[in-house]
*Asks:* 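Below is the structure I would like to discuss, written out as structure tokens.
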Amino acid sequence: MYQTVRYEKQDNIGILTINRPEALNALNSTVITELEQVIAQVEQEEKAGELGCLILTGEGRSFVAGADIGEQCPFDLTGGRNWGRRGSALMRRIEKLEIPTIAAVNGFALGGGCELAMCCDIILASEKAKFGQPEVTLGITPGFSGTQRLPRRVGVAKAKELIFSGKMIKADEAEKIGLVNAVFAPEELMNGAVEMAKSFTKNAPIAVKYSKACIDRGMQMDIDDGIALENEMFGMCYATEDQKEGMTAFLEKRSATFHNK
Ligand code: COA
């Protein structure tokens, strides 16, 4: 039903693949429209408690080689601004999913591709992956919020070096600067991503979601407000059935069965 993306489920793990390999999965308006549609579906499934984790990856030898340069070239000021706003809104929607998200970066993650990976909680990379924000080599700034997320991920100085130079870095360097959580042999990447997803989905889903909310919202607050938020959400866990089940199972020396309640 989609032309440029694929969305599959393995139990309660969603796998979203950008599927425009002839253009190294560059984000043109069709890809963006289809991503908006898939993310709407993901939001529904999340709300219905059917999804525990989302993995994003790319078909072929690229994750996403940026926004589509051919499509953007003729933009004027308004066109550029609208494109940036639309892409940034999509990235923010992905970032605001309540479930954990993992980018499984199989190849190039450049420009909008690096920005898409940075919307995810975790970035895993193939040894063949390459990261970069090459926009200034094209006469533009990063447009899908890379100037905001890269410094938050790797620190201001490293982000400035990468954005001002537009250079590409390999997976091992991306891991060294903290952009990437772990590097895998190419054939092991998806397996590694699914295994990590399962290590999240086996736990109490509400506790995982609350933990994500505390981290993401807390990082934008001063520490006292962040601690107050954690106190609130910690307390809310005790109003869940899964807390009773988790602790009772421990005391009864059996494994817990969580029901997302
Ligand atoms: N927009 C549109 N098309 C793109 C693209 C992009 N961002 N990135 C790659 N493509 C297309 C190429 O035009 C080419 O199409 P063609 O076969 O019709 O000529 C195809 O994907 C394969 O890319 P190619 O450049 O031939 O592969 P390569 O292995 O030599 O180089 C890259 C790979 C990623 C280094 C190179 O494609 C590149 O620099 N892409 C642009 C990256 C970028 O600046 N992104 C930020 C955009 S804002």
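Whatever order the structure lists them in is the order used to number ligands and atoms, beginning at 1.
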*Asks:* For the residue pair Lys212 and Glu98, what are the closest heavy atoms and their distance?
*Replies:* CD-O, 3.5 Å
*Asks:* Evaluate whether atom NZ of Lys128 has more than 12 neighbouring non-hydrogen atoms of other residues, nucleotides or ligands under 6.0 angstrom away.
*Replies:* no
*Asks:* Under 3.5 Å between some N or O of ligand 1 and some N or O of Met168?
*Replies:* no
*Asks:* Counting only non-hydrogen atoms of the protein, does one fall under 4.0 Å from atom 14 (C) of ligand 1?
*Replies:* no
*Asks:* Looking at every heavy atom in both Ala193 and Ala104, which two are closest together, and how far apart are they?
*Replies:* CB-CB, 4.1 Å
*Asks:* Heavy-atom distances under 4.0 Å decide this one: backbone, side chain, both or neither, for Arg20 against ligand 1?
*Replies:* neither
*Asks:* Sequence neighbours excluded, which residues qualify as salt bridge (Lys or Arg N to Asp or Glu O under 4.0 Å) partners of Glu43?
*Replies:* Arg93
*Asks:* Please confirm whether the backbone N or O of Gly166 pairs with a side-chain atom of Thr137, one donor and one acceptor, at under 3.5 Å?
*Replies:* no
*Asks:* Please report whether atom 18 (O) of ligand 1 has a protein non-hydrogen atom at a separation of less than 4.0 Å.
*Replies:* no
*Asks:* Using distance alone, decide if ligand 1 has a nitrogen or oxygen within less than 3.5 Å of any nitrogen or oxygen in Arg61.
*Replies:* yes
*Asks:* Below 4.0 angstrom from a heavy atom of Asp68, which ligand 1 atoms are there? Numbered from 1 as shown, please.
*Replies:* 1 (N), 2 (C)
*Asks:* Check the pair Ser29, Glu71 against side-chain hydrogen bond (donor to acceptor under 3.5 Å, both in side chains), reporting the backbone distance first and the verdict last.
*Replies:* CA-CA 8 Å; Ser29 43; Glu71 206 178 66; 2.9 Å; yes
*Asks:* Has ligand 1 got any nitrogen or oxygen that is less than 3.5 angstrom from a nitrogen or oxygen of Gly70?
*Replies:* no
*Asks:* Would you say atom 33 (C) of ligand 1 makes contact with the protein, given that contact here means a non-hydrogen protein atom less than 4.0 Å away?
*Replies:* yes
*Asks:* Out of all atoms in ligand 1, which are within 4.0 Å of some heavy atom of Ala26? Include the element for each.
*Replies:* 1 (N), 2 (C), 5 (C), 6 (C), 7 (N)
*Asks:* Kindly check if the number of other-residue, nucleotide or ligand heavy atoms within 6.0 Å of CD (Gln37) is above 12?
*Replies:* yes
*Asks:* When you measure from atom 25 (O) of ligand 1 to the protein, is at least one non-hydrogen atom found at a distance under 4.0 Å?
*Replies:* no
*Asks:* Look at atom 16 (P) of ligand 1 and say which protein heavy atom is nearest, naming residue and atom and giving the distance to 0.1 Å.
*Replies:* Glu22 O, 4.9 Å
*Asks:* Atom 4 (C) of ligand 1: which protein heavy atom is closest, and how many Å away?
*Replies:* Ala23 O, 3.9 Å
*Asks:* Under 4.0 Å from atom 47 (C) of ligand 1, do we find at least one protein heavy atom?
*Replies:* yes
*Asks:* Considering all protein heavy atoms, does one lie under 4.0 Å from atom 30 (O) of ligand 1?
*Replies:* no
*Asks:* Show me which atoms of ligand 1 lie under 4.0 Å from any heavy atom of Pro134.
*Replies:* 43 (C), 44 (O), 45 (N), 46 (C)
*Asks:* Any idea which part of Leu110 is under 4.0 Å from ligand 1, heavy-atom wise: side chain, backbone, both or neither?
*Replies:* side chain
*Asks:* In a check of side-chain contact (heavy atoms from CB on, under 4.5 Å) between Cys120 and each of Thr101, Ile55, Leu97, which one passes?
*Replies:* Thr101
*Asks:* Where's the contact between Ala65 and ligand 1, heavy-atom distance under 4.0 Å: side chain, backbone, both or neither?
*Replies:* both
*Asks:* Can you check whether Phe75 reaches Trp83 side chain to side chain, under 4.5 Å on heavy atoms?
*Replies:* yes
*Asks:* Suppose we measure from atom 2 (C) of ligand 1 to each protein heavy atom; which comes out shortest, and what is that distance?
*Replies:* Ile69 N, 3.5 Å
*Asks:* Tell me whether Gln44 at atom CD has more than 12 heavy atoms from other residues, nucleotides or ligands lying less than 6.0 Å away.
*Replies:* no
*Asks:* Ignoring hydrogens and geometry beyond distance, is a side-chain donor-acceptor pair present between Thr4 and Glu34 at under 3.5 Å?
*Replies:* yes
*Asks:* Does Gln10 CD have over 12 foreign heavy atoms under 6.0 Å away?
*Replies:* no
*Asks:* What part of Leu138 sits under 4.0 Å from ligand 1 if we count only heavy atoms: the side chain, the backbone, both or neither?
*Replies:* side chain
*Asks:* How close does the nearest protein non-hydrogen atom get to atom 23 (O) of ligand 1, and which residue and atom is it?
*Replies:* Leu24 CD1, 3.5 Å
*Asks:* Taking the side chain as C-beta and beyond, is there a heavy-atom pair between Val5 and Leu35 under 4.5 Å?
*Replies:* yes
*Asks:* As a test of the contact definition, would atom 36 (C) of ligand 1 count as having a protein heavy-atom neighbour under 4.0 Å?
*Replies:* no
